[in-house]
Amino acid sequence: MQQRIGVYTGSFDPMTLGHLDVIRRASHLFDQVVVGVGEARSKAPLFTVAERMDLLRSVLGGVKNTKVESFAGLAVDYAQKLGAVALVRGIRSMADYSYEVQMALMNRAMNPAIETIFLPTSPEFSHISSSLAKEIALHGGKLELLVPDQVAKKLAAKIKA
């Protein structure tokens with residue numbers, strides 16, 4: 001029997017508690033969850049791809065059936081290359097939903113064999129974003145409310161540098 005692979009892509013710059021919530025929940029739905037770290041070419045990332053991958057691996061060490069990789073290009077093409085059955089997307093708000101539905105429909109047009117699964121973020125994480133975490137870090141705020149401990153340490157150090 002073929003493994004059911006779900007792919008969760010993003011820039012993860014940095015990974016947040018909301019990302020972790022979605023990954024943990026997706027790990028119960030799929031035989032394997034591949035976390036694809038994108039290059040974020042349209043953004044100016046704070047962390048390199050290698051740093052983001054290291055952070056994700058350190059946080060996900062206790063989450064079975066997850067794997068962290070980098071990718072370039074379209075998420076749907078990456079998912080197809082991996083033999084995935086679905087793209088996993090976290091939804092925080094109606095604004096996220098509107099954007100993600102548009103992307104899901106485009107992905108379906110490009111590859112009807114790959115579904116998109118929406119996982120609403122748990123309510124306690126719905127206000128969190130990577131941009132907000134960077135802003136809070138810049139002003140010395142409480143990062144443990146937004147990101148895992150390993151990420152908080154690296155983020156605070158990166159902002160001070």
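Any value given below was found using the heavy atoms of this structure, including those in side chains, with hydrogens, waters and symmetry copies removed.
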Please answer: with hydrophobic residues joined when any side-chain heavy atoms are less than 4.5 Å apart, are M106 and L74 in the same cluster? yes
How long is the straight-line distance from CG of L82 back to CZ of F71, given to the nearest 0.5 Å? 10.0 Å
From L119 atom CG to S122 atom OG, the distance as rounded to the nearest 0.5 Å: 9.5 Å
What one should report as the nearest heavy-atom pair of L17 and P148 is CD2-N, 3.7 Å
Residues L55 and V151: closest non-hydrogen pair is CD2-CA, 4.0 Å
Look only at the side chain of T9 and the backbone of A75, and say whether a donor-acceptor pair between them is shorter than 3.5 Å. no
On a heavy-atom basis, which atom in P123 and which in S126 lie closest, and how many Å separate them? O-OG, 3.0 Å
Tightest non-hydrogen contact, residues A84 and V7, listed as CB-CG2, 3.5 Å
Which pair of non-hydrogen atoms, one from S27 and one from T66, has the smallest distance, and what is that distance? CB-CG2, 4.4 Å
One thing to verify: whether D96 and R89 come together as a salt bridge, which I'm taking to mean a side-chain N less than 4.0 angstrom from a carboxylate O. no
Quick one: closest heavy-atom pair of A133 and P14, and the distance? CB-CG, 4.4 Å
Is the backbone of G38 close enough, under 3.5 Å, to the side chain of R52 for a donor and an acceptor to pair up by distance? yes
Distance check, rounded to the nearest 0.5 Å: L87 atom CG versus E100 atom CD? 9.5 Å
Taking K134 for the side chain and D13 for the main chain, is one N or O donor matched with an acceptor at less than 3.5 Å? yes
Has R92 got a side-chain atom pairing as donor or acceptor with P120's backbone, closer than 3.5 angstrom? no
Look only at the side chain of T16 and the backbone of H19, and say whether a donor-acceptor pair between them is shorter than 3.5 Å. yes
Consider only side-chain heavy atoms of I, L, V, M, F, W and Y, link residues closer than 4.5 Å, and tell whether V35 and V76 are in one cluster. no
So do Q32 and K67 actually touch side chain to side chain, heavy atoms under 4.5 Å? yes
Show your reasoning for whether side chain to side chain contact (heavy atoms under 4.5 Å, CB included) applies to V37 and L56. CA-CA 9 Å; V37 179; L56 279 155; 3.3 Å; yes
Any donor-acceptor N or O pair under 3.5 Å, side chains N111, Q80: yes
To the nearest 0.5 Å, atom CG of D149 lies from atom OG of S58 at 10.5 Å
Could you go through the side chain to side chain contact (heavy atoms under 4.5 Å, CB included) check for S70 and E39 one step at a time? CA-CA 8 Å; S70 66; E39 294 178 355; over 6 Å; no
Quick one: do V147 and V63 end up in the same hydrophobic cluster if we chain Ile, Leu, Val, Met, Phe, Trp and Tyr together by side-chain heavy atoms under 4.5 Å apart? yes
Should the pair R25-D21 be classified as a salt bridge under the 4.0 Å nitrogen-to-oxygen rule? yes
Rounded to the nearest 0.5 angstrom, the CG-CD1 distance for D77 and I114 is 8.0 Å
Linked, directly or transitively: L132 and M15 (ILVMFWY side chains, under 4.5 Å): yes
Look up atom CZ in R57 and atom CD in Q150, then write down how far apart they are to the nearest 0.5 Å. 14.5 Å
Before you tell me yes or no, could you show the steps for N65 and D31 under side chain to side chain contact (heavy atoms under 4.5 Å, CB included), namely the whole-Å CA-CA distance, both residues' side-chain angles and the distance that decides it to 0.1 Å? CA-CA 6 Å; N65 71 321; D31 299 315; 5.6 Å; no
Among the clusters formed by ILVMFWY side chains lying less than 4.5 Å apart, do V68 and L46 turn up in the same one? yes
Mind checking whether V88 and V33 have side chains closer than 4.5 Å, heavy atoms only? no
Please, which pairs that meet ring-ring contact (aromatic ring centres under 6.0 Å, His included) have at least one residue in residues 101-123, sequence neighbours excluded? Y97-F118
Between V85 and F30, is a side chain to side chain contact (heavy atoms under 4.5 Å, CB included) present by the stated rule, with each step listed? CA-CA 9 Å; V85 296; F30 297 97; 3.9 Å; yes
